[in-house]
Amino acid sequence: MSTIADNIAQVAARIRAAEQAAQRAEHSVRLLAVSKTKPSDAVREAYAAGVHDFGENYLQEALGKQLELADLPLIWHFIGPIQSNKTRAIAENFAWVHSVDRLKIAQRLSEQRPAELPPLNICIQVNVSGEASKSGCTPADLPALASAISALPRLKLRGLMAIPEPTEDRAAQDAAFATVQKLQASLNLPLDTLSMGMSHDLESAIAMGATWVRIGTALFGARDYQQTHGQP
Ligand SMILES: *Cc1c(COP(=O)(O)O)cnc(C)c1O
């Protein structure tokens, strides 16, 4: 087994154990492999080991990999900060966007989603760590943003995404993810997705209702930002 296939098996076992601990159905949590800064060959290896969904943060890097991997039926998710001049390429080349945090970006994605593609799946990124994070809408702004986005014709609002402040303290992880779950429930919209949990906190996220866990390091190893594009 390759290292990546080995890592995938280990992460799948962690996900299954966390599903069981939370008395959740098998496969109710899906694995999004975060391939940012990693070469196409690593994606190919993960695909060969059974992973189909890949998350990228940087548009140019993602477009390059999509070209190199066009022979594979991969599902691409955009998970990074979005500038308005990038929305057209995102609307044209991804199936999901997890990091929408303002209406202007959502409106552009809806207008620019090609007619021949299905609606773009959207998660609203919500900031549950206050000033520790610059990305994500505030919990106070969430209800109005969610209702405006659910009215946009070429988007399908699926749920919320969050990146809580990193901590190894399980109780603090649980509290942050529980906040996201409660915010989602308070919206009273037909949402089926909670995108939360990374390599270090996936067990807590799954206990609190995650449906996508976004895993990079535990699958592909540590990232070297210098080598690929020189920005974090
Ligand atoms: C990089 C990244 C991840 C993966 O984090 P790991 O700790 O490497 O698992 C998940 N989500 C987002 C939004 C990221 O930018």
Student check: side-chain heavy atoms of Leu142 and Leu160 closer than 4.5 Å: yes
Check: Thr211 and Arg30 side chains under 4.5 Å, non-hydrogen atoms: no
Cluster link Leu157 to Met161, ILVMFWY, side chain under 4.5 Å: no
Validation row: Ser135, Asn127 side chains within 4.5 angstrom (heavy atoms): no
Residue pair Arg170 / Glu203, side-chain heavy-atom distance below 4.5 Å: yes
Side chain to side chain contact (heavy atoms under 4.5 Å, CB included) evaluation trace for Asn121 with Val97: CA-CA 6 Å; Asn121 294 296; Val97 181; over 6 Å; no
Pair Gln83-Lys86, side-chain donor/acceptor within less than 3.5 Å: yes
Validation row: Met198, Ile163 side chains within 4.5 angstrom (heavy atoms): yes
Ile105 side chain near Ser84 side chain, heavy-atom distance below 4.5 Å: yes
Between OG on residue Ser147 and CG on residue Leu103, distance to nearest 0.5 Å: 9.5 Å
Single-linkage hydrophobic cluster Leu72~Leu63, side-chain heavy atoms < 4.5 angstrom: yes
Whether Ser35 side chain and Lys38 backbone form a donor-acceptor pair below 3.5 Å: no
Thr3 and Asp6 side chains, donor-acceptor separation under 3.5 Å: no
Ser99 (side chain) donor-acceptor with Gly80 (main chain) under 3.5 angstrom: yes
Shortest non-hydrogen contact between Ile215 and Gly197, atoms and distance: CD1-O, 4.2 Å
CG on Leu120 to CD on Gln112, rounded to 0.5 Å: 11.0 Å
Joint hydrophobic cluster, Val51 plus Leu202, side-chain heavy atoms closer than 4.5 Å: yes
Main-chain N/O of Gly159 paired to Thr193 side chain as donor or acceptor, under 3.5 Å: no
Same apolar cluster (I L V M F W Y, side chains within < 4.5 Å links), Met196/Val34: no
Atom pair OG (Ser204) and CG (Asp169), whose distance is rounded to the nearest 0.5 Å: 9.5 Å
Distance (rounded to the nearest 0.5 Å) between Ile82 CD1 and Lys104 NZ: 12.0 Å
Evaluation steps, side chain to side chain contact (heavy atoms under 4.5 Å, CB included), between Ile124 and Asp101: CA-CA 6 Å; Ile124 297 176; Asp101 63 2; 5.6 Å; no
Contact summary for Phe220 and Ala42, nearest pair of heavy atoms: CE2-O, 3.7 Å
Exercise: identify the closest heavy-atom pair between Ala91 and Pro114: O-CD, 3.5 Å
Over all atoms of both residues, closest heavy-atom pair of Ile75 and Ala95: CG2-CB, 3.8 Å
Under 3.5 Å side-chain donor-acceptor pair for Glu68 and Ser40: yes
Note: Glu26-Arg16 ion pair, threshold 4.0 Å (strictly below): yes
Pair Asp71 + Arg44, salt bridge at N-O below 4.0 Å: yes
Heavy-atom donor-acceptor pair, Arg14 side chain to Ala9 backbone, under 3.5 Å: no
Euclidean distance, Ile206 CD1 relative to Leu194 CG, rounded to 0.5 Å: 12.0 Å
Interatomic distance, Glu116 atom CD to Arg113 atom CZ [nearest 0.5 angstrom]: 9.0 Å
Parallel, tilted or perpendicular: ring planes of Tyr47 versus His52, cut at 30 and 60 degrees: perpendicular
Full working for side chain to side chain contact (heavy atoms under 4.5 Å, CB included) between Arg214 and Ser195: CA-CA 7 Å; Arg214 307 178 313 271; Ser195 168; 3.0 Å; yes
Side-chain heavy-atom pair Leu59, Phe78 within 4.5 angstrom cut-off: yes
Nearest heavy-atom neighbours spanning Phe94 and Ala89: CD1-O, 4.3 Å
Connected via hydrophobic side-chain network under 4.5 Å: Val29 and Leu191: yes
Glu19 side chain near Ser28 side chain, heavy-atom distance below 4.5 Å: yes
Distance-minimising heavy-atom pair for Val11 and Ala218: CG2-CB, 3.8 Å
side-chain hydrogen bond (donor to acceptor under 3.5 Å, both in side chains), paired with Glu56, selected from Lys65, Lys36, Gln66: Lys65
Any donor-acceptor pair under 3.5 Å from Gln181 side chain to Met208 backbone: yes
Aromatic ring proximity Trp76/Trp96, centre distance under 6.0 Å: no
Derivation of the side chain to side chain contact (heavy atoms under 4.5 Å, CB included) call for Arg88 and Arg108: CA-CA 8 Å; Arg88 182 174 299 280; Arg108 291 175 64 95; over 6 Å; no
Short N-O contact, Glu111 and Arg154, less than 4.0 angstrom: no
